[in-house]
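The chains referred to below are lettered A, B, ... by the order of the sequence lines, with proteins before strands, and numbering in each begins at 1.
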Amino acid sequence: MTQAPRNRLKQLLGSYHEFSDLSVINPTVIDTVSAYAQNLYAAVDQLPKSMATDDYVSAIDPYIGPIEREIASIKQWTQTTRKVAESSVLELTARQQSLK
Amino acid sequence: MSDNDDRRNEIIPPSLPVVYVPAAKYTDKTPVLTPLLLPALRAMAVMGMEWTTLNFIENVPIIVRIATFVISAFVLAVLECRDWLNFKRRHLFAYLISGLVVIYLTICGYAFIYLQEPPAPNPAVTELETNLAAAMRARDIAISERDAARREHGQVSPSPSIPPLPPSMRSDEIEARIDAWKAVGAQLNDVDRLLSEGDNVVNNWQSSNRNTLRETSMTFTNDAGTTQST
């Protein structure tokens with residue numbers, strides 16, 4: 001069974017718990033969008049199978065905005081975390097080279 | 001003759017201010033409600049423009065919302081004072097209303113571009129997190145070196161938080177950290193894929209029907225880390 005990205009990330013960070021520099025990564029930022037996605041799915045699942053377009057839009061619209069905002073926030077977080085990871089790899093590589 | 005000229009100069013100053021008299025728009029035949037309805041219609045037109053714009057640019061920064069509100073207020077003021085502006089200077093009304101419309105469209109264009117691309121992360125936050133990670137790494141290494149030095153001198157009191165590592169393992173530890181950070185980067189690619197699924201839902205929900213949205217939202221929900229029964 002495949003795991004969700006947020007769970008895999010949490011497991012990865014947990015397996016390196018002795019490296020405190022990894023603690024700057026906060027994987028819980030992905031949790032909120034998961035809850036919003038579940039709300040959306042529940043709302044869509046409860047819709048009648050045939051309905052007018054206006055009713056469909058008005059029923060779903062309130063669930064889309066939070067997801068859109070949360071996705072924008074997570075995109076920022078991934079960009080920041082990726083830059084931290086890249087600079088960490090660079091710094092550690094330089095440190096490793098200096099040891100040789 | 002000279003007496004008359006002197007008297008005229010005393011009564012009429014050389015440059016009298018020109019009195020502004022608003023142009024008459026209504027007569028006694030005008031219905032009672034017309035003067036009331038016209039300003040109300042103008043106000044509703046401007047408020048409608050503002051409301052539509054704010055719906056269109058829902059997620060923009062607060063400064064854009066304030067700017068559109070202020071411009072809308074100015075547009076209403078200029079519309080209400082059209083005769084006055086034209087009285088002060090010819091074409092002043094046209095210049096002002098054109099300028100305000102151009103500014104309004106520029107703000108809307110900025111907001112549209114802003115919405116197309118996600119906001120870039122704050123460089124200060126990125127720098128702080130990078131520095132924090134480096135500082136914590138340095139702390140880990142310093143603790144490891146301290147514990148190694150204590151062992152060399154016969155003192156056995158290693159830090160409980162950091163497992164003791166012999167000095168020969170330092171290169172391996174650095175390599176392990178490099179692997180860990182690279183694995184984090186790979187996991188972020190998975191998060192990017194999840195966000196693409198979310199974008200797919202957000203961008204296409206209006207054009208899809210209930211069944212299609214149900215499928216895409218179920219995929220998104222499952223990949224976001226919750227389980228759903230189908």
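Of the inter-residue distances, the one linking B:S217 atom OG with A:N39 atom CG reads 11.5 Å to the nearest 0.5 angstrom. With rounding to the nearest 0.5 angstrom, the OG1 atom of A:T93 is 13.5 Å from the CZ atom of B:R177. Here the CD atom belonging to B:Q187 is positioned 13.5 Å from the OG1 atom belonging to A:T78, to the nearest 0.5 angstrom. Here the straight-line distance linking atom CG of B:L132 with atom OG of A:S23 works out to 6.5 Å at 0.5 Å rounding. Interatomic distance, A:D21 CG to B:M136 CE, rounded to the nearest 0.5 Å: 8.0 Å.
The two atoms that bring A:S20 and B:R139 nearest to each other are OG-NH1, 3.7 Å, heavy atoms only. Minimum interatomic distance between A:A37 and B:T221 (heavy atoms only, all atoms of both residues): O-OG1, 3.1 Å. Contact record, B:A133 with A:V24: N-CG1, 3.9 Å, taken as the closest heavy-atom pair. Of all heavy-atom pairs spanning B:W181 and A:A85, the tightest one is CE3-CA, 3.4 Å. Nearest heavy atom pair, residue A:S87 against residue B:T130, reads OG-CG2, 3.0 Å.
Residue A:Q96 touches chain B through both its backbone and its side chain, counting heavy-atom pairs closer than 4.5 Å. B:A176 touches chain A through backbone and side chain together, each having a heavy atom under 4.5 Å away. Contacts between A:Y16 and chain B at a heavy-atom distance below 4.5 Å involve the side chain alone, from C-beta outward. Residue A:P27: no heavy atom, backbone or side chain, is found under 4.5 Å from chain B. At a 4.5 Å heavy-atom cutoff, the contact between B:L194 and chain A is made by side-chain atoms alone. Heavy-atom distances place no part of A:S15 under 4.5 Å from chain B, backbone and side chain included.
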request  = Starting from the C-alpha separation in whole Å, work towards a yes-or-no answer on side chain to side chain contact (heavy atoms under 4.5 Å, CB included) for A:R95 and B:I141.
outcome  = CA-CA 11 Å; A:R95 194 186 286 266; B:I141 292 168; 3.5 Å; yes
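Most heavy-atom pairs under 4.5 Å with chain B, from the set A:L9, A:L12, A:L40: that is A:L12. Ranked by heavy-atom pairs under 4.5 Å with chain B, the first of A:L13, A:T53, A:D31, A:T81 is A:T81.
The side chain to side chain contact (heavy atoms under 4.5 Å, CB included) search around B:L33 returns B:L36, B:L37, not counting sequence neighbours. Applying the salt bridge (Lys or Arg N to Asp or Glu O under 4.0 Å) test to B:D192 and every residue at least two apart in sequence or in another chain returns A:R82.
At most 12 heavy atoms of other shown residues, nucleotides or ligands fall within 6.0 angstrom of atom OH in A:Y63.
Side-chain N or O atoms of A:T80 include none that pairs as donor or acceptor with a backbone N or O of B:T126 at under 3.5 Å.
For B:E127 and A:K83, the salt-bridge test fails: no basic side-chain N is under 4.0 Å from an acidic carboxylate O.
You'll find the side chain of B:M218 stays beyond 4.5 Å of the side chain of A:D45, heavy atoms only. At a threshold of 4.5 Å between non-hydrogen side-chain atoms, the residues B:N222 and A:Y41 do not count as touching.
Listed by sequence position, B:L195, B:G198, B:D199, B:V201, B:V202, B:W205, B:Q206, B:S208, B:N209, B:R210, B:L213 are the residues of residues 195-213 of chain B in contact with chain A, using a 4.5 angstrom heavy-atom cutoff.
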Donor-acceptor contacts, no H, no angles, side chain residues 68-81 of chain B, under 3.5 Å, sequence neighbours left out:
unit_1: B:T68; atom_1: OG1; unit_2: B:V64; atom_2: O; d: 3.2
unit_1: B:T68; atom_1: OG1; unit_2: B:R65; atom_2: O; d: 2.8
unit_1: B:S72; atom_1: OG; unit_2: B:E50; atom_2: OE1; d: 3.0
unit_1: B:S72; atom_1: OG; unit_2: B:T68; atom_2: O; d: 2.8
unit_1: B:E80; atom_1: OE2; unit_2: B:R42; atom_2: NH1; d: 3.2

